[in-house]
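Below is one structure, written out as structure tokens; comments come after it.
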Amino acid sequence: MSAPHLRSPSSTAVATIAIAATVGVALATDRPVAAGAIVILSLGAWLALRRLDRQAASAEASRLEAARQLDRRISELFSLQELSYVLAESIQLDRIVDQVARYGARFLQADGALVALAEGDSGTLRVAAAAGTLAILADRRTAAGEPGLVRLAVDRERIEVAQEGDQPVLLLADEEVRSAAVAPLRSQGRAIGALAVADRREGPFTTEDLWLLSTIATQTSMAVANSRLFEMVRRSTEEWETAFDALTEGLGVVGPGGTVLRANRALATLAGVPSDAIIGADFAAVVAGHAPRAAELLAAAQRVEHPAPVEIRRERDGRRLRLAAAPLWGPAADGSVVILVEDVTDQRALEAQLIQNEKMASIGQLVSGVAHELNNPLTSIAGLAELLLEPARKLPEPTRDHLRVIHDQAERAARIVRNLLTFARPTSLAKEPVDLNDVVARTALLISHELRQRGIELERRLDPEPVVVIGDRYELQQVLLNLLTNAVHALSTLEPERPRRIRLATGRPEGRATLAVGDSGSGVPPALVNQLFTPFFTTKGPGQGTGLGLSVSYGLVEAHGGRIAYQQSEEGGAEFVVTLPLFTTVPESEAEEARRTGRPAPERRTRVLVVDDDAAVHRLVNALFAGEGHVVDAVRTGDQALRLVDDEAYDLVIADEHAVAADGNLFASRLLETHPDWRDRLIIASHARASGPQPTAALHWIAKPLNARDLRGIVARLQTVRSKK
């Protein structure tokens with residue numbers, strides 16, 4: 001058997017026994033006074049000892065309570081330290097609130113816990129995480145004004161406690177618990193949520209429990225605020241990097257040694273290297289191609305100056321780059337420079353084209369005035385020469401030969417003037433029957449000198465019959481010139497030993513008119529065929545083209561109801577085929593019918609009014625028609641013509657396009673305002689057929705200098721139409 005536990009007697013018990021023995025001894029003596037004194041002293045000592053014993057017991061109890069409190073504080077400190085480690089492991093908000101809910105329930109010995117966070121400024125709380133018996137509340141929301149202990153703690157911004165009692169505690173709008181304690185989460189002076197624990201297993205919540213809950217809420221508030229701040233920074237960084245890479249201009253940071261420290265995708269593209277390869281590369285070598293001005297720009301920016309942007313031409317590919325640099329500010333700048341690189345190659349080419357267009361517009365104005373002065377004498381020379389060459393004129397053959405030379409040279413000069421006017425400024429004319437064979441002949445004449453200089457052979461395969469379409473002669477000529485120019489450029493890059501040949505062909509397959517331009521060059525790579533008619537797309541080098549020729553041609557052909565397509569040429573090069581509706585119903589005049597059938601044309605006297613400020617034109621028209629018995633009147637001003645039209649009956653009016661009435665308006669416009677029925681018997685003689693508002697809606701046009709054959713033909717067709725009405 002084990003020995004019984006022996007309890008040591010207290011000091012009070014020992015003192016009592018000693019005092020009792022002393023009293024017994026005192027009473028046994030024969031001195032009452034002394035005995036009484038001894039008894040009193042003994043009782044006092046006993047009382048003092050008893051008081052000391054009670055004090056010792058109280059001190060022991062305090063020591064034990066202090067030890068218990070110390071153990072609890074140490075446990076709480078270890079718990080908080082553990083939670084701190086857990087919260088420090090992640091900055092993801094979902095993981096933080098999940099850990100807080102689980103650890104909060106464990107630390108406070110509760111059956112459940114939750115963390116609710118505010119959603120923006122709407123006042124709505126969402127249960128971001130829940131553990132234990134409250135796990136079913138995950139993602140639950142409670143709006144401002146709804147009942148519940150959680151909402152109450154957030155609204156009052158203080159800890160709210162509901163101990164277990166007869167009535168259940170409403171935690172959220174529709175969730176009840178036995179007891180609960182809720183601490184608000186605060187950041188930057190405002191409530192951002194709440195931490196709640198429910199159903200404590202070891203009785204009511206104590207002051208120490210609430211202190212621990214408050215401490216956990218404080219740590220949670222900081223962790224949530226840091227997580228949200230990090231998320232904001234991360235999102236802002238992603239947005240900045242997305243915008244940084246989305247820039248079409250190259251942007252980067254260049255260090256003091258000239259190496260690229262940071263770059264967007266556009267800068268890597270301009271350098272022609274992968275995005276990851278440009279970091280650490282030498283900027284002057286990789287991007288600027290060792291251009292001296294680029295190095296000077298970087299040096300100036302590194303000296304904390306603000307240099308003006310510079311433009312360089314990169315030798316390896318001929319691209320033109322615009323560089324702008326500025327020093328990078330801040331404690332971590334360390335002499336770094338922010339550099340902006342923009343590829344301005346296409347912009348400069350377009351600017352050059354616009355400048356050229358402005359020059360051409362100025363030339364057009366100049367040529368228009370010159371043409372007016374040249375066309376009038378050319379009209380007289382060519383018209384009168386043709387008139388003298390008619391068979392009815394009995395002239396010696398040598399004289400006729402001289403007249404033919406005069407006529408041919410006048411016609412040649414007239415063609416040169418018309419071609420200059422055609423390409424000096426754009427045109428927008430009423431559509432009329434146009435022979436594509438004639439368009440080919442005129443355009444080939446215009447470009448023949450350049451072809452000879454470049455050693456290019458021009459082969460023509462034209463349909464023997466006229467290939468007539470309804471359209472604008474000058475716009476169709478522009479389309480053909482664009483195609484020929486592209487072909488010349490393609491052939492100019494060939495090796496000297498390869499043949500250089502351009503083939504022009506017209507045809508009328510299946511009721512359609514076709515115009516083909518093929519060359520003996522290298523053709524178009526298959527990968528680029530789909531981009532041929534895209535505006536500003538070009539395979540030419542910088543400054544050699546804007547990529548507008550084919551796109552403009554495409555639009556012009558479409559406006560004529562046709563289409564333009566690319567195919568491989570028979571000789572392996574490129575071939576562009578223009579397909580247009582064929583026009584086959586050209587009305588035949590009585591004069592033409594007479595020449596075709598051999599029957600004489602019916603005689604008809606026609607009254608003609610000529611409105612032109614050039615007396616030579618009057619002479620030519622009079623010589624053409626008066627000799628055939630027609631009546632020709634001529635005036636110099638539009639005002640005179642208007643008076644004659646009102647007083648006399650004319651079958652035909654031939655008016656210069658620049659003829660004006662007394663009020664400054666064009667004569668043709670004023671004539672049709674007062675006499676709309678004159679529209680089908682008015683012929684406008686045009687110098688340049690310029691773009692812009694047309695002076696009249698007249699049906700009939702003839703180019704100056706006047707050609708006797710053309711003038712007779714249009715008058716004959718007009719007479720035929722009028723005779724059928």
Side-chain angles (χ1 to χ4, degrees), residues 241-329 333-356 489-490 492-495 522 524-525 527-528 531 534-548:
E241 288 180 346
T242 300
F244 184 66
D245 280 335
L247 291 174
T248 56
E249 294 82 10
L251 186 62
V253 177
V254 179
T259 59
V260 179
L261 306 179
R262 187 76 184 272
N264 64 352
R265 290 194 184 96
L267 187 61
T269 302
L270 288 173
V273 298
S275 299
D276 55 350
I278 195 172
I279 305 300
D282 183 77
F283 175 83
V286 175
V287 180
H290 297 289
R293 299 188 67 190
E296 295 171 2
L297 179 73
L298 286 176
Q302 288 169 350
R303 293 193 298 268
V304 198
E305 299 176 3
H306 295 278
V310 300
E311 187 170 309
I312 65 171
R313 183 180 183 276
R314 198 163 55 188
E315 293 298 331
R316 68 171 182 262
D317 56 6
R319 306 299 295 178
R320 302 194 69 86
L321 304 179
R322 185 176 185 270
L323 309 181
L328 185 64
W329 299 101
D334 191 25
S336 296
V337 172
V338 178
I339 192 82
L340 179 68
V341 183
E342 183 181 4
D343 188 344
V344 295
T345 305
D346 295 337
Q347 178 184 345
R348 294 293 177 263
L350 183 59
E351 289 173 355
Q353 183 66 29
L354 292 176
I355 293 173
Q356 180 66 18
H489 180 270
S492 300
T493 60
L494 293 180
E495 298 81 0
S522 302
V524 179
L528 301 180
Q531 305 179 59
T534 302
F536 302 107
F537 170 77
T538 179
T539 58
K540 300 177 183 177
Q544 298 183 14
T546 60
L548 293 174

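Hydrogens, waters and symmetry mates play no part in the numbers below; they use all other heavy atoms, side chains included.
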Atom pair [atom1] ([X]) and [atom2] ([Y]), whose distance is rounded to the nearest 0.5 Å:
| X | Y | atom1 | atom2 | value |
| --- | --- | --- | --- | --- |
| L298 | F283 | CG | CZ | 5.5 Å |
| R313 | R293 | CZ | CZ | 14.0 Å |
| E249 | L340 | CD | CG | 6.0 Å |

Nearest atoms (heavy-atom pairs only) where [X] meets [Y]:
| X | Y | value |
| --- | --- | --- |
| R314 | L321 | NH1-CD1, 3.8 Å |
| A268 | S275 | CB-CA, 3.8 Å |
| L323 | A294 | CD1-CB, 3.6 Å |
| A301 | V337 | CB-CG1, 3.6 Å |
| R316 | A285 | NH1-O, 3.8 Å |

Would you sort out whether L297 and E305 count as a side-chain contact (heavy atoms from CB on, under 4.5 Å), showing the intermediate values? CA-CA 10 Å; L297 179 73; E305 299 176 3; over 6 Å; no

What verdict does the side-chain contact (heavy atoms from CB on, under 4.5 Å) test give for I278 and V287, after you've listed the backbone C-alpha separation in whole Å, the side-chain angles of each residue and the deciding distance to 0.1 Å? CA-CA 9 Å; I278 195 172; V287 180; 4.3 Å; yes

Could you go step by step and tell me if L328 and V254 meet the side-chain contact (heavy atoms from CB on, under 4.5 Å) rule? CA-CA 9 Å; L328 185 64; V254 179; over 6 Å; no

Apply salt bridge (charged side-chain N to carboxylate O under 4.0 Å, His left out) to the pair E351 and R348, showing each step before the final yes or no. CA-CA 5 Å; E351 289 173 355; R348 294 293 177 263; 3.3 Å; yes

Can you tell which of L270, D343, I312 makes a side chain to side chain contact (heavy atoms under 4.5 Å, CB included) with R319? D343

CZ (R322) with more than 12 external heavy atoms under 6.0 Å: no

Determine whether a donor-acceptor pair (N or O, by modelled atom type, separation under 3.5 Å) exists between the side chain of T269 and the backbone of R265. yes

